[in-house]
*Asks:* 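Quick one: the structure is below, and I'll ask about it shortly.
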Amino acid sequence: DTEKVLLASRFCVAWESIGAAIAGYETALAYAKQRKQFGMPLAAFQLIQYRLSRMLADITDMLCMQLRLSQLLDEGEYSMPRVALAKMHHTERARAILADARDMLGGNGILLDYHVARHLCDIEAIDTYEGTDTVQALIVGRDITGYSAFVPVAPSH
Ligand SMILES: Cc1cc2nc3c(=O)[nH]c(=O)nc-3n(C[C@H](O)[C@H](O)[C@H](O)COP(=O)(O)OP(=O)(O)OC[C@H]3O[C@@H](n4cnc5c(N)ncnc54)[C@H](O)[C@@H]3O)c2cc1C
């Protein structure tokens with residue numbers, strides 16, 4: 001039925017976000033190692049290392065959450081709010097990682113040759129299809145509060 005199809009597709013889209021985020025991180029890391037500014041590779045600068053470390057922490061976080069979700073799926077123990085939580089979280093983090101990665105490539109980040117701009121466009125589509133960030137949050141919010149906030153009540157007059 002529709003619920004089962006949406007559950008499976010949102011689960012897959014959550015994995016897609018992780019793939020896009022990893023591509024952004026790997027591209028930024030490789031670029032930082034080869035691009036020299038002020039006589040040193042970008043990778044040697046503290047602020048660049050901080051940004052790469054934050055990306056890696058986010059990706060590790062996403063992978064752990066998604067691995068647990070996959071285990072629950074195998075056990076037949078997974079629900080729409082859990083999948084919505086993962087989809088919301090991963091796409092939000094992946095968008096941030098890819099925007100940062102694009103910036104770390106400077107002007108080259110805009111070019112298709114380095115692929116990061118392509119992944120950045122992809123994550124915008126991934127963020128929207130199978131339900132936007134907001135809609136996933138509404139699914140989670142309904143589950144944790146008991147109130148459905150999808151449809152506002154129109155004023156009576
Ligand atoms: C690349 C791509 C491929 C797609 N492929 C398919 C496909 O194969 N099959 C398919 O059926 N669909 C597909 N879609 C459609 C996709 O699922 C929808 O675009 C998506 O669910 C958002 O719906 P919408 O465009 O109607 O936006 P809307 O629902 O109009 O949302 C517009 C904005 O309002 C917000 N919003 C909506 N409802 C609420 C609410 N209750 N409270 C607060 N904010 C709200 C949203 O978060 C969003 O920011 C695809 C979309 C894209 C971009």
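We number each residue from 1, following the sequence as shown. In what follows, every heavy atom counts, from backbone to side chain, and hydrogens, waters and symmetry copies are set aside.
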*Asks:* Is the count of non-hydrogen atoms from other residues, nucleotides or ligands lying under 6.0 Å from Glu3 atom CD greater than 12?
*Replies:*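 Result for CD/Glu3: open.
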*Asks:* Measure across Ile48 and Ala32 and return the closest heavy-atom pair with its distance rounded to 0.1 Å.
*Replies:*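 The answer is CG2-CB, 4.0 Å.
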*Asks:* Would one find more than 12 heavy atoms of other residues, nucleotides or ligands at under 6.0 Å from atom CD of Gln46?
*Replies:* no
*Asks:* Closest heavy-atom contact between Ala20 and Leu98?
*Replies:*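 Scanning both residues completely, I find the closest heavy atoms to be O-CD2, 3.6 Å.
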*Asks:* Do you know the tightest heavy-atom contact between Ile123 and Ala94?
*Replies:* CD1-CB, 3.6 Å
*Asks:* So does Thr128 get a backbone contact from the side chain of Thr132, meaning a donor-acceptor N/O pair under 3.5 Å?
*Replies:*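 The answer is no, because no donor-acceptor pair under 3.5 Å joins these two groups.
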*Asks:* Taking side-chain hydrogen bond (donor to acceptor under 3.5 Å, both in side chains) as the test, write out the residues that go with Arg142, two or more places apart.
*Replies:* none
*Asks:* Are Val151 and Tyr147 co-members of a hydrophobic cluster defined by side-chain heavy atoms under 4.5 Å apart?
*Replies:*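 Cluster IDs for Tyr147 and Val151 differ.
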*Asks:* Grab the two heavy atoms, one from Ser79 and one from Leu7, that are nearest each other, plus how far apart they are.
*Replies:*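 Smallest heavy-atom distance, with atoms named: C-CD1, 3.8 Å.
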*Asks:* CE of Met80 to CZ of Arg82: how many Å apart, nearest 0.5 Å?
*Replies:*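 Here the interatomic distance stands at 13.5 Å.
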*Asks:* Roughly how far, to the nearest 0.5 Å, is CG of Leu63 from NE2 of His90?
*Replies:* 8.0 Å
*Asks:* Are the side chain of Gln66 and the backbone of Ala86 linked by a donor-acceptor contact shorter than 3.5 Å?
*Replies:* no
*Asks:* Compare all side-chain heavy atoms of Tyr25 with those of Asp58 and state whether any distance is below 4.5 angstrom.
*Replies:*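 Answer no - side chains too far apart.
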*Asks:* Looking at Arg95 and Glu124, is any side-chain nitrogen of the basic one under 4.0 Å from a carboxylate oxygen of the acidic one?
*Replies:* yes
*Asks:* Between the side chains of Asp61 and Arg93, is the shortest nitrogen-to-carboxylate-oxygen separation below 4.0 Å, so that they form an ion pair?
*Replies:*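 Judged by the 4.0 Å cut-off on N to carboxylate O distance, Arg93 and Asp61 do not form a salt bridge.
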*Asks:* Could you check whether Glu16 and Tyr129, counting side-chain N and O atoms only, form a donor-acceptor pair closer than 3.5 Å?
*Replies:* yes
*Asks:* Provide the closest heavy-atom pair for Ala101 versus Gly24 in the form atom of the first, atom of the second, distance.
*Replies:*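 Nearest heavy atoms, Ala101 then Gly24: CB-O, 3.4 Å.
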*Asks:* Atom CD1 in Ile97, atom CD1 in Ile59: separation rounded to 0.5 Å?
*Replies:*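 Rounded to the nearest 0.5 Å, the CD1-CD1 separation comes to 4.5 Å.
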*Asks:* Testing the basics here: between Met104 and Ala28, what is the closest heavy-atom pair and its distance to 0.1 Å?
*Replies:* CE-CB, 4.1 Å
*Asks:* What verdict does the side chain to side chain contact (heavy atoms under 4.5 Å, CB included) test give for Ile110 and Arg102, after you've listed the backbone C-alpha separation in whole Å, the side-chain angles of each residue and the deciding distance to 0.1 Å?
*Replies:* CA-CA 7 Å; Ile110 294 293; Arg102 195 223 60 73; 3.4 Å; yes
*Asks:* Under the side-chain hydrogen bond (donor to acceptor under 3.5 Å, both in side chains) test, which residues partner Arg51, sequence neighbours left out?
*Replies:*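 Scan of Arg51 (side-chain hydrogen bond (donor to acceptor under 3.5 Å, both in side chains), adjacent residues dropped) gives Asp100, Asp103.
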*Asks:* Kindly write out the residues that satisfy side-chain hydrogen bond (donor to acceptor under 3.5 Å, both in side chains) with Asp143, not counting sequence neighbours, or none if the list is empty.
*Replies:* none
*Asks:* Met88: which other cluster members, linking ILVMFWY side chains closer than 4.5 Å, directly or transitively?
*Replies:* Met65, Leu85, Val140, Ile144
*Asks:* How many angstroms lie between CG in Asp122 and OG in Ser17, if you round to the nearest 0.5 Å?
*Replies:* 11.0 Å
*Asks:* According to the ring-ring contact (aromatic ring centres under 6.0 Å, His included) rule, which pairs have a member within residues 35-72, sequence neighbours left out?
*Replies:* none
*Asks:* Could you tell me which residues satisfy side-chain contact (heavy atoms from CB on, under 4.5 Å) with His115, sequence neighbours excluded, listed by chain and number?
*Replies:* Arg118, His119
*Asks:* Assess whether atom CG of Leu67 is packed by more than 12 heavy atoms of other residues, nucleotides or ligands within 6.0 Å.
*Replies:*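 Yes.
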*Asks:* For the pair Lys33 (side chain) and Ala44 (backbone), establish whether a donor and an acceptor sit closer than 3.5 Å, ignoring hydrogens and angles.
*Replies:* no
*Asks:* Checking the side chain of Glu130 only, and the main-chain atoms of Val13 only, is there a donor and an acceptor separated by less than 3.5 Å?
*Replies:*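 No, because the side chain of Glu130 does not come within donor-acceptor range (under 3.5 Å) of the backbone of Val13.
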*Asks:* Should Arg10 and Ile139 be marked as a side chain to side chain contact (heavy atoms under 4.5 Å, CB included) after you check the CA-CA gap, both sets of side-chain angles, and the distance that decides it?
*Replies:* CA-CA 12 Å; Arg10 282 182 179 149; Ile139 295 168; 3.4 Å; yes
*Asks:* Can you measure from CE (Met62) to CD (Glu92) and round to the nearest 0.5 angstrom?
*Replies:* 9.0 Å
*Asks:* From Thr60 OG1 over to Met55 CE, what is the distance, rounded to the nearest 0.5 angstrom?
*Replies:*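 Answer for the OG1-CE pair, Thr60 versus Met55, is 13.0 Å.
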*Asks:* Can you check whether Val116 reaches Tyr31 side chain to side chain, under 4.5 Å on heavy atoms?
*Replies:*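 Val116 vs Tyr31: side chains apart.
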